[in-house]
Peer 1: 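Take a look at this one; I'll ask things after.
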Protein chains: 2
Amino acid sequence: MKLSDFGERIAGDAGILRLMDDLGRALSGGKPTAMFGGGNPAHIPAVTHTYERQLRAIATDPVQLQAMLGNYDTPQGNDRFIRAIVQLLNDQFDWGITPDHVAVTPGSQSGFFMLFNLLAGTRHGIKRRIMLPIVPEYIGYADQLIEPACFMPIRPTIRKVGQHEFKYRLAAQSLSIDDSVAAIAFSRPTNPTGNAMTDEEVSRLAAMARQAGVPLIIDSAYGLPFPGVIHDAATPYYDDNTVISLSLSKIGLPSARVGIFVGPPPLMKALSSANAIVNLASPSIGQYIARELVASSDIMELATQHVQPFYAERAAHARQLFMDSLPPDLPWRFHIYEGSYFFWLWCDGAAKTATQLYDYLKKRGVIVVPGEFFFPGIDVSTWPHAQQCIRINFSRPDAELTAGARILADGVRWMYGNK
Amino acid sequence: MKLSDFGERIAGDAGILRLMDDLGRALSGGKPTAMFGGGNPAHIPAVTHTYERQLRAIATDPVQLQAMLGNYDTPQGNDRFIRAIVQLLNDQFDWGITPDHVAVTPGSQSGFFMLFNLLAGTRHGIKRRIMLPIVPEYIGYADQLIEPACFMPIRPTIRKVGQHEFKYRLAAQSLSIDDSVAAIAFSRPTNPTGNAMTDEEVSRLAAMARQAGVPLIIDSAYGLPFPGVIHDAATPYYDDNTVISLSLSKIGLPSARVGIFVGPPPLMKALSSANAIVNLASPSIGQYIARELVASSDIMELATQHVQPFYAERAAHARQLFMDSLPPDLPWRFHIYEGSYFFWLWCDGAAKTATQLYDYLKKRGVIVVPGEFFFPGIDVSTWPHAQQCIRINFSRPDAELTAGARILADGVRWMYGNK
């Protein structure tokens, strides 16, 4: 099998593949003791019931059903869904956007693939890159750039908090922008770390982006308006140079593959054009299921009444459990939890790597994601920190958390060579 | 807005964009007299009812519903759907395939984007191309290659049949294959022409591909096993060096975005890996709606009892109408109709171009697709034939066909300068 150079890169051993493989195997094959690995959102009965009602209402309305199943939407997305999104965002945040500010994609993963490659790569002989102002960043970005080495990752400052916590801060002194930057992008809250960049940090980056004439891209898959699993101190940011991405995945419809991008109309038009070429059109069914919930703002109630309390409770419970279970005398630290569905554990000064810990835990039935994959563009062998972290999906049932915490504690001890 | 060179190409004036824009506007805005432009499949009540039953059955089964909405499938696709496809293909054609031979993508458009770019482009310093052994070919391929100029289009021989028909034949004498070819690809039946490559032509290409060690890729979106809108003389071809693509779009589920690729396991694994990186996972809902129909072979009944008779009737009716309406004294020709949902009209020796005819017809409420976009890799200004064809979606209601045929006849007269 002779692949192109690009083909060999994307058919290779990408982090996202390991993540999806483990997830797939865990769900289909032998059940692990603790599935802390996946990005699958938790199943919340009230959420499922809401979508069930919508789906049944459509299934009993021949006109809607025919339209939902039998028509391609335009490459921009479903017209009524887009108008509902515009109304919701203007009602919630007073952003003053129009349908031309919106492009729907087959999931935000696909949207980022197109958006990043629309911007980054060679332009008129000059190679331009996506600045990631704080890494670690989302594992799914890592292999998405068609041209190699087009991420410009910035190492953050690490602020230690108490005995067992820390927070990443923008390394302001390392930041400078020039013609080789095509965009500044980050997730807020951040998958995998649970960090929410502060308002001050976001303002600084927004000013830099504007000055350089490049877009600021904020991946809000876990943020506001829905599911809104982010702490209150982080105010949503938007201006006419910003692209915000939202998703239906984290509010319970991952299988529908609906990503929503909001930004400057010319760029959103380019994204829709790319969508026509790459995908023809986005899947419609999720847009139909959600559109009345968005139009009526009921989706906000779903977020505030069901999704946010669920994750807040799980996060508090799991955090306490992990804090109590891990060996108090070792210098491990969790990132301060400010949002997302994940904890980020750093084994500061450990003798073994996160990948070794991953293997250790996997053999014992605990699936996590080793942190090495969350450092796009960084050679992790040059930065010990980048080999000492794992991502933990905390939104699991009590029994899994309890059993998993015990094994995780063993793993951490082993990682420091104390076992 | 500063895009990458790649970005400027895919955000530009692609043929597929015009097609989708016209389709979108026609369906949302003012209704045209005759919508011969789109690729939207016709709405067939028995087909809709079948999917409605499936959807309702899932919506009333909490376990299935939760699984359908709330879980990502693996990047390869939904396990049960894949097993159903394997069983159906082995039952129908005795191909002896396994689940490892299958990869599901978010529509076949997205699948071709990934598959073409996995194969074509620079490999170890050598640029390798996709041979299109007969152009015209599907408009959606045209802008999909990341590296420019990576199609190797072959002009067919034109065999005139009677007064007003013709057929493309493989130009056997122009065919040779070397290391610069990464794959041979064609649609069968062909969108836009309605041509079905003969068994002999396919065998010849299969032998060439095998000899060169590159895959033979057959886009069967309109072909067998479903919807099977192809004439009986075309036998389905498959061997261990072939990739076949199928789609749920042309059997009534275009909005679900489900493409199905069947081929050598290493290549299908590469395609699934690319899917993880580009899309994370494929949309699940269409796979759930269809999987029991595939497992029970009921989807074949849908194809043979409803879809095939519908298109056969529409094709016969529309063909007669067009043949009777167009000016008999002018040398226009339709491609022999052997499958797909389209007619391909060639105005041999016309004074004006197909794009001019498109504009003429559009002003009069008839939407077609100008043929220039269906010649990937060919400079149409060097080949008069490539500027003299239009694609017509014939599966329209009687009133549209009748009104449209009259205006089309005027357009053809105008194109020859006789008005």
Side-chain angles (χ1 to χ4, degrees), chain A residues 1-7 10-11 14 16-17 20 24 28 40 43 48 51-52 55-56 59 65-66 68-75 79 106-107 109-110 113 117-123 128 140 143-144 146 252-257 266-267 270 273-274 276-280 283-285, chain B residues 1-7 10-11 14 16-17 20 24 28 40 43 48 51-52 55-56 59 65-66 68-75 79 106-107 109-110 113 117-123 128 140 143-144 146 252-257 266-267 270 273-274 276-280 283-285:
Chain A
M1 183 173 65
K2 288 183 194 160
L3 301 181
S4 65
D5 296 341
F6 167 77
I10 64 168
I16 193 102
L17 295 178
M20 294 303 283
S28 61
N40 223 39
H43 295 167
T48 309
Y51 295 132
E52 182 187 337
L55 196 58
R56 283 202 203 173
L65 183 72
Q66 175 62 72
M68 178 177 87
L69 298 179
N71 291 342
Y72 292 104
D73 281 312
T74 69
D79 184 52
Q109 179 92 8
S110 170
F113 175 82
N117 288 301
L118 279 167
L119 296 165
T122 300
R123 172 189 164 81
R128 298 170 77 240
D143 298 280
Q144 287 207 310
I146 291 171
L253 285 177
S255 67
R257 313 308 301 126
L267 187 54
S273 299
I277 290 168
V278 175
N279 300 307
L280 193 60
S284 305
I285 302 175
Chain B
M1 182 173 65
K2 289 184 194 159
L3 301 181
S4 65
D5 296 341
F6 167 76
I10 63 168
I16 192 104
L17 295 178
M20 294 303 283
S28 60
N40 223 39
H43 295 167
T48 308
Y51 295 132
E52 183 186 336
L55 196 57
R56 283 201 204 174
L65 183 72
Q66 175 63 72
M68 178 176 86
L69 298 179
N71 291 341
Y72 292 104
D73 280 312
T74 70
D79 184 52
Q109 179 92 8
S110 170
F113 174 82
N117 288 301
L118 279 167
L119 295 165
T122 300
R123 172 189 163 81
R128 299 171 77 240
D143 298 280
Q144 286 207 310
I146 291 171
L253 286 177
S255 67
R257 313 308 301 125
L267 187 54
S273 299
I277 289 169
V278 175
N279 299 307
L280 193 60
S284 304
I285 302 175

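Letters A, B, ... mirror the listed sequences (proteins, then strands); counts begin at 1.
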Peer 1: Could you have a look at B:P106, B:G107, B:P266, B:A256 and say which one has the most heavy-atom pairs with chain A under 4.5 angstrom?
Peer 2: B:P266
Peer 1: Can you say whether A:L55 sits under 4.5 Å from chain B via the side chain, the backbone, both, or neither, judging by heavy atoms?
Peer 2: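 For A:L55, the side chain is the part near chain B, not the backbone.
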Peer 1: Can you tell me which portion of A:A59 sits under 4.5 Å from chain B's heavy atoms? Options are side chain, backbone, both or neither.
Peer 2: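 Looking at A:A59, backbone and side chain both touch chain B.
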Peer 1: Quick one: are B:L267 and B:L119 in side-chain contact, heavy atoms under 4.5 Å?
Peer 2: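 Result yes, sub-4.5 Å side-chain heavy-atom pair found.
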Peer 1: Taking all non-hydrogen atoms of both residues into account, name the closest pair between A:P75 and A:L280 and its distance.
Peer 2: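 Heavy atoms of A:P75 and A:L280 come nearest at CG-O, 3.7 Å.
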Peer 1: Report the C-alpha separation of B:L69 and B:I285 in whole Å, then their side-chain angles, then the decisive distance to 0.1 Å, and conclude whether the side chain to side chain contact (heavy atoms under 4.5 Å, CB included) test is met.
Peer 2: CA-CA 7 Å; B:L69 298 179; B:I285 302 175; 4.2 Å; yes
Peer 1: With sequence neighbours left out, write down each residue that passes side-chain contact (heavy atoms from CB on, under 4.5 Å) with B:S4, or none if nothing qualifies.
Peer 2: B:F6
Peer 1: Could you give me the CA-CA distance, side-chain angles and deciding distance for A:L118 and B:I10, then say whether side chain to side chain contact (heavy atoms under 4.5 Å, CB included) is met?
Peer 2: CA-CA 8 Å; A:L118 279 167; B:I10 63 168; 3.9 Å; yes
Peer 1: Just give me the residue among B:E52, B:M1, B:R128, B:Q66 that pairs up with chain A most often, heavy atom to heavy atom, under 4.5 Å.
Peer 2: B:Q66
Peer 1: Which answer fits A:I146, side chain, backbone, both or neither, if we ask what part of it has an atom under 4.5 Å from a heavy atom of chain B?
Peer 2: side chain
Peer 1: Using a 4.5 angstrom heavy-atom cutoff, name the option from B:A274, B:P283, B:S255, B:G252 with the most pairs to chain A.
Peer 2: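 Most heavy-atom pairs within the cutoff with chain A belong to B:S255.
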Peer 1: Distance from B:L3 atom CG to A:N117 atom CG, nearest 0.5 Å?
Peer 2: 11.5 Å
Peer 1: So which of B:H43, B:M68, B:Q144 has the biggest tally of heavy-atom pairs under 4.5 Å with chain A?
Peer 2: B:H43
Peer 1: Less than 4.5 Å apart, any side-chain heavy atom of B:N279 and any of B:R257?
Peer 2: no
Peer 1: Specify which of A:G7, A:G121, A:P254 makes the most heavy-atom pairs with chain B at under 4.5 Å.
Peer 2: A:P254
Peer 1: Would you mind checking which part of B:A120 comes under 4.5 Å of any heavy atom in chain A, side chain (CB onward), backbone (N, CA, C, O), both or neither?
Peer 2: backbone
